[in-house]
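In what follows, chains are A, B, ... by sequence order, proteins preceding strands, each numbered from 1. Since the model is a prediction, treat every value here as computed from it, not as a measurement.
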Amino acid sequence: MASVSSQPQFRYTQPPSKVLHLRNLPWECTEEELIELGKPFGKVVNTKCNVGANRNQAFIEFADLNQAIAMISYYASSSEPAQVRGKTVYLQYSNRQEIVNNKTTADIAGNVLLITIEGQDARLVSIDVLHLVFSAFGFVHKITTFEKTAGFQALVQFSDAETATSAKNALDGRIIPRYLLSDSIAPCTLRITYSAHTDLSVKFQSHRSRDYTNPYLPVAPSAIDGNCQFNLGLDGKKLEPESNVLLASIENMQYAVTLDVLHMVFSAFGPIQKIAMFDKNGALQALIQYPDIQTAIVAKEALEGHCIYDGGFCKLHLSYSRHTDLSIKLNNDRSRDYTVANPALVNPQPPVLGQQPIQTMGQAGHQYNGTQYPAPGMGQSMMPPQPSAGWGASDVPAMPQSMPLQMTNHNPYAPPASMSQMSHGMMQMPGQSGIPSPASTMPHFRPNHM
DNA sequence: AGCACA
């Protein structure tokens with residue numbers, strides 16, 4: 001009972017070390033918090049956080065072995081467990097005697113972030129979605145994407161390391177908000193480190209790379225047509241069971257497409273029960289519900305690839321939605337239930353911020369399971385330094401609605417400042433004022449028109 | 001909730 005020397009080491013027989021191993025830490029745990037935790041027991045000379053596959057482990061190294069013993073002993077007999085922000089932290093002696101800090105390029109702050117997108121459908125995350133996500137923290141200069149053994153990755157270039165750091169701190173380990181992705185895309189987790197790059201080289205605007213500082217950069221031929229898998233949801237990429245609800249993506253939307261326009265176009269094939277419009281991947285999408293699958297099939301076959309307007313404008317791409325019955329909360333300019341003759345619903349409600357029939361954009365922050373993270377840089381005028389909402393409540397919900405189409409139109413690109421000035425989706429496409437509105441331009445849908 | 005290293 002006394003002899004332990006050659007036994008495997010169990011938790012109660014771990015030999016003391018001035019290094020303590022901590023687990024079950026919260027995501028946001030910082031070096032400072034580790035120091036706070038250890039400080040009552042001695043001098044913390046080194047820490048290492050975000051350790052392990054889940055990055056919820058850490059190490060604390062004390063100056064003296066007795067200090068580590070004091071901490072272990074204290075919590076061994078304390079009725080209160082060690083905690084970081086209310087979360088119980090489990091402590092034990094490390095099996096090493098000192099912390100080895102391998103500072104790599106991934107740890108050295110820089111203005112370019114290396115993003116690894118994890119998830120079954122990571123490759124389907126468009127560069128526009130990434131741009132949207134990262135723009136919440138400051139002007140994004142450039143993005144390149146590529147495929148490596150690590151999976152689908154992107155480099156995102158900010159002006160400076162501070163902006164990059166705020167984005168990294170806020171987004172590392174988070175998922176891309178669901179409302180930014182097609183319904184059928186599996187959750188995508190972002191893993192973020194610093195890149196050693198300082199200035200990315202982008203030759204073309206394409207589906208793989210963008211330079212947002214240079215609107216005159218030529219568009220890569222591959223991005224002009226054909227290669228639009230990202231905008232299309234998952235057409236052809238995945239098995240899509242037929243459905244009475246069609247998902248329509250509208251490409252090259254030089255003209256506004258209204259609910260009434262969609263109703264008119266899709267009504268040609270049968271009665272429409274419901275329509276819900278929303279922005280996704282920076283493009284307009286709509287769900288159109290027919291009473292039956294057969295009608296939807298006919299409509300899809302007839303309309304796929306056709307344009308609502310002459311000249312290749314507002315090209316439709318259709319897929320089958322997973323929905324079978326849309327939930328329309330209220331009738332407004334973006335969603336309508338044609339089956340309900342409820343007077344209360346017939347008159348459009350006043351506009352609601354971030355209104356979304358399918359998902360409530362205003363609550364998007366809840367995608368993050370209530371975990372709070374620091375304010376994006378753009379929020380400072382509205383919020384104190386440590387707001388509770390991140391981009392969930394104030395910033396990003398406005399953006400999907402205001403996102404200009406970037407590849408399919410040739411608007412002058414919004415200047416950097418506008419991104420942080422944007423509020424509540426009010427940014428209209430610049431340079432479009434001379435184009436007749438669809439209200440005065442009857443959409444002449446022609447089945448044979450390409 | 002169980003030991004780090006791009």
Side-chain angles (χ1 to χ4, degrees), chain A residues 4 7-35 37-38 44-63 65 67-69 71-76 78-118 122 144-157 161 164-165 167-169 171-173 189-198 200 369 371:
Chain A
V4 293
Q7 297 295 319
Q9 291 189 335
F10 298 101
R11 60 189 139 176
Y12 303 120
T13 60
Q14 200 75 320
S17 162
K18 59 183 170 25
V19 181
L20 300 184
H21 175 223
L22 286 68
R23 47 187 210 272
N24 200 38
L25 289 159
W27 262 99
E28 315 78 61
C29 184
T30 62
E31 187 169 22
E32 288 70 31
E33 287 170 311
L34 296 178
I35 293 172
L37 195 64
V44 176
V45 296
N46 203 354
T47 64
K48 189 179 179 85
C49 38
N50 298 324
V51 165
N54 295 325
R55 306 190 61 185
N56 57 357
Q57 302 174 40
F59 296 92
I60 296 178
E61 181 176 337
F62 284 101
L65 177 63
Q67 297 167 350
I69 293 173
M71 186 167 180
I72 291 290
S73 302
Y74 174 82
Y75 284 113
S78 167
S79 56
E80 291 291 314
Q83 292 183 332
V84 171
R85 289 195 214 168
K87 195 167 185 216
T88 296
V89 174
Y90 300 90
L91 298 170
Q92 62 191 154
Y93 295 115
S94 172
N95 53 25
R96 299 194 196 182
Q97 295 302 310
E98 60 186 17
I99 290 178
V100 178
N101 279 36
N102 287 335
K103 285 270 186 228
T104 64
T105 64
D107 300 315
I108 300 166
N111 64 316
V112 177
L113 297 176
L114 173 64
I115 319 299
T116 304
I117 299 121
E118 297 178 348
T144 61
T145 62
F146 49 93
E147 198 109 20
K148 278 259 181 91
T149 50
F152 184 55
Q153 295 188 301
L155 291 163
V156 177
Q157 178 177 340
T165 299
K168 177 179 182 292
N169 290 341
L171 296 177
D172 188 17
T189 304
L190 300 171
R191 301 287 176 189
I192 304 178
T193 63
Y194 294 106
S195 163
H197 290 91
T198 56
L200 303 175
N369 299 320
T371 310

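Distance A/Q14 CD to B/dA1 P: 19 Å, rounded to the nearest Å. For A/R55 and B/dA6, the CZ to P distance is 12 Å, given to the nearest whole Å. Rounded to an integer number of Å, the gap from A/N56 CG to B/dA4 C1' is 13 Å. The nearest whole Å value for the distance from the CG atom in A/D107 to the C1' atom in B/dA4 is 11 Å. In this entry the distance linking NE2 of A/H21 with C1' of B/dG2 reads 6 Å, nearest Å.
Across all strands shown, A/S94 has heavy atoms under 4.0 Å from base atoms, whether or not it also approaches the sugar-phosphate. Using a 4.0 Å heavy-atom cutoff across all strands shown, A/Y93 reaches at least one base atom of the nucleic acid. Within the nucleic acid shown, A/E98 comes within 4.0 Å of at least one base atom, counting heavy atoms only. At the heavy-atom level, A/I99 lies under 4.0 Å from base atoms of the strands shown. Residue contacts for A/V51: at a heavy-atom cut-off of 4.0 Å it reaches the sugar-phosphate backbone alone, with no base atom in range.
Residues A/L200 and A/V156 have side chains not in contact (no heavy-atom distance under 4.5 Å, counting atoms from C-beta outward).
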Task: Verdict with supporting geometry, A/Q57 and A/H21, side-chain hydrogen bond (donor to acceptor under 3.5 Å, both in side chains) - done: CA-CA 7 Å; A/Q57 302 174 40; A/H21 175 223; 2.7 Å; yes
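Between A/A167 and A/L113, the shortest heavy-atom distance links the atoms CB-CD1, 4.0 Å.
Judged by ring centres under 5.5 Å apart and planes tilted less than 30 degrees, A/Y90 stacks against the six-membered base ring of B/dA1.
In the set B/dG2, B/dA6, B/dA4, the nucleotide with an atom closest to the side chain of A/T104 is B/dA6. The side chain of A/N24 sits closest to B/dA1 out of B/dA4, B/dA1, B/dC3. Residue A/N102 places its side chain closer to B/dC5 than to any other of B/dC3, B/dC5, B/dA4.
In this structure, A/R23 does not reach the B/dC3 phosphate: none of its side-chain N or O atoms is under 4.0 Å from OP1 or OP2.
The distance from atom OG1 of A/T165 to atom CG of A/N111, rounded to the nearest 0.5 Å, is 9.5 Å. Here A/E31 contributes atom CD and A/N50 contributes atom CG; the two are 10.5 Å apart, rounded to the nearest 0.5 Å.
Mapping A/F59 and A/Q153 onto DNA chain B by nearest heavy atom places A/F59 at the nucleotide closer to the 5' end.
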